[in-house]
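Within every chain, numbering begins at 1; the chains are lettered A, B, ... in the order of the sequence lines, protein sequences first and strands thereafter.
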Amino acid sequence: DTEVTQTPKHLVMGMTNKKSLKCEQHMGHRAMYWYKQKAKKPPELMFVYSYEKLSINESVPSRFSPECPNSSLLNLHLHALQPEDSALYLCASSQGTGDITDTQYFGPGTRLTVL
Amino acid sequence: AQSVTQPDIHITVSEGASLELRCNYSYGATPYLFWYVQSPGQGLQLLLKYFSGDTLVQGIKGFEAEFKRSQSSFNLRKPSVHWSDAAEYFCAVGFVTGGGNKLTFGTGTQLKVEL
């Protein structure tokens with residue numbers, strides 16, 4: 001089973017709202033990732049968690065705040081977003097071996113619209 | 001620095017026809033290469049991957065890809081396309097940094113299938 005689940009599927013929020021995106025996997029993976037994907041563009045890496053610790057932050061604005069409460073769960077907290085933050089947010093996970101063969105498996109994404 | 005080029009932004013094929021999607025990479029070390037497919041509004045699904053060994057790699061849904069080091073290419077092929085193959089296809093190169101495992105994606109190729 002290579003399933004990564006994400007909730008909600010769609011989210012509409014105002015610029016003053018606070019919301020969270022959730023990602024879950026039960027494959028025993030120890031690395032989890034957040035990507036942002038604008039329309040007609042490839043995914044762009046935002047954050048990487050390895051063994052529940054933040055290991056990569058690709059200079060993402062602080063209005064995006066990741067959290068990894070346990071090895072199965074990854075959250076992305078959103079606050080004071082801008083309309084240009086509207087995108088598909090993808091979560092991925094991998095075994096976390098640190099080896100290049102560590103394949104990433106993606107969830108279906110959350111479509112975020114910021115008004 | 002690593003990079004991936006997908007020269008074809010759009011490709012249209014007739015159902016039942018053969019398909020080849022091109023991917024060229026630039027990477028200083030041994031490349032680790034992936035093909036992902038994304039249906040509209042969905043996440044990325046792994047089609048196949050190449051790490052080492054046999055340069056012809058078989059994937060899911062009848063896809064295969066051939067690694068050619070001399071041409072820095074990793075083209076995706078399918079002998080007979082089905083209408084359900086219409087989607088966006090991303091080639092990616094994987095590499096390890098100090099913080100973890102990263103993917104660099106190409107810009108994608110949009111496949112349209114004519115019935």
Side-chain angles (χ1 to χ4, degrees), chain A residues 2-7 9-10 21 23 25 29-59 68 87-113, chain B residues 1-10 21 23 25 27-53 57 59-61 87-112:
Chain A
T2 56
E3 187 177 17
V4 177
T5 60
Q6 291 186 245
T7 54
K9 283 190 175 181
H10 301 275
L21 309 184
C23 173
Q25 57 85 16
H29 287 177
R30 301 309 299 270
M32 297 186 78
Y33 309 75
W34 279 117
Y35 287 83
K36 175 182 178 179
Q37 186 180 24
K38 301 284 279 185
K40 307 295 184 186
K41 298 292 186 182
E44 298 177 349
L45 183 66
M46 300 174 73
F47 303 104
V48 180
Y49 272 83
S50 179
Y51 288 78
E52 295 101 69
K53 293 192 188 307
L54 183 65
S55 59
I56 295 177
N57 177 341
E58 294 286 81
S59 303
C68 190
L88 182 68
Y89 287 83
L90 295 164
C91 175
S93 71
S94 68
Q95 287 188 327
T97 60
D99 185 87
I100 194 57
T101 61
D102 195 22
T103 301
Q104 294 181 34
Y105 296 92
F106 286 78
T110 293
R111 175 73 60 189
L112 174 67
T113 302
Chain B
Q2 61 288 332
S3 66
V4 177
T5 302
Q6 292 181 247
D8 305 303
I9 298 174
H10 300 280
L21 302 182
C23 172
Y25 67 89
Y27 187 57
T30 302
Y32 296 91
L33 298 160
F34 304 82
W35 275 101
Y36 286 89
V37 60
Q38 185 176 35
S39 297
Q42 300 297 311
L44 278 71
Q45 182 180 24
L46 179 67
L47 285 177
L48 48 79
K49 57 190 177 184
Y50 172 77
F51 294 143
S52 64
V57 181
I60 63 171
K61 302 185 178 186
E88 186 91 22
Y89 290 79
F90 291 99
C91 182
V93 61
F95 60 100
V96 177
T97 70
N101 179 318
K102 283 186 160 184
L103 290 173
T104 294
F105 288 91
T107 50
T109 296
Q110 182 74 46
L111 174 65
K112 180 180 176 181

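Note on Glu58(A) versus Lys102(B): salt bridge recorded, some NZ/NE/NH1/NH2 to OD/OE distance being below 4.0 Å.
For Ile9(B), no part lies near chain A; criterion is any non-hydrogen pair under 4.5 Å. Contact annotation for Leu46(B): only side-chain heavy atoms (C-beta onward) come within less than 4.5 Å of a heavy atom of chain A. Residue Gln37(A) touches chain B through its side chain alone, counting heavy-atom pairs closer than 4.5 Å. Proximity to chain A is absent for every atom of Gln45(B), based on heavy atoms less than 4.5 angstrom apart.
Aromatic ring centres of Tyr105(A) and Tyr33(A): separated by at least 6.0 Å.
When Pro43(A), Ala39(A), Gly109(A) are compared by the number of non-hydrogen pairs under 4.5 Å with chain B, Pro43(A) comes out ahead. The candidate from Leu90(A), Thr97(A), Thr103(A), Asn57(A) with the greatest count of non-hydrogen atom pairs under 4.5 Å with chain B is Thr103(A).
The aromatic rings of Phe105(B) and Tyr36(B) are tilted relative to each other, their planes meeting at an angle between 30° and 60°.
Inter-residue side-chain proximity for Tyr89(B) and Leu47(B) is flagged as met; some heavy-atom pair is nearer than 4.5 Å. In this structure the side chain of Cys91(A) reaches within 4.5 angstrom of the side chain of Trp34(A), judged on heavy atoms.
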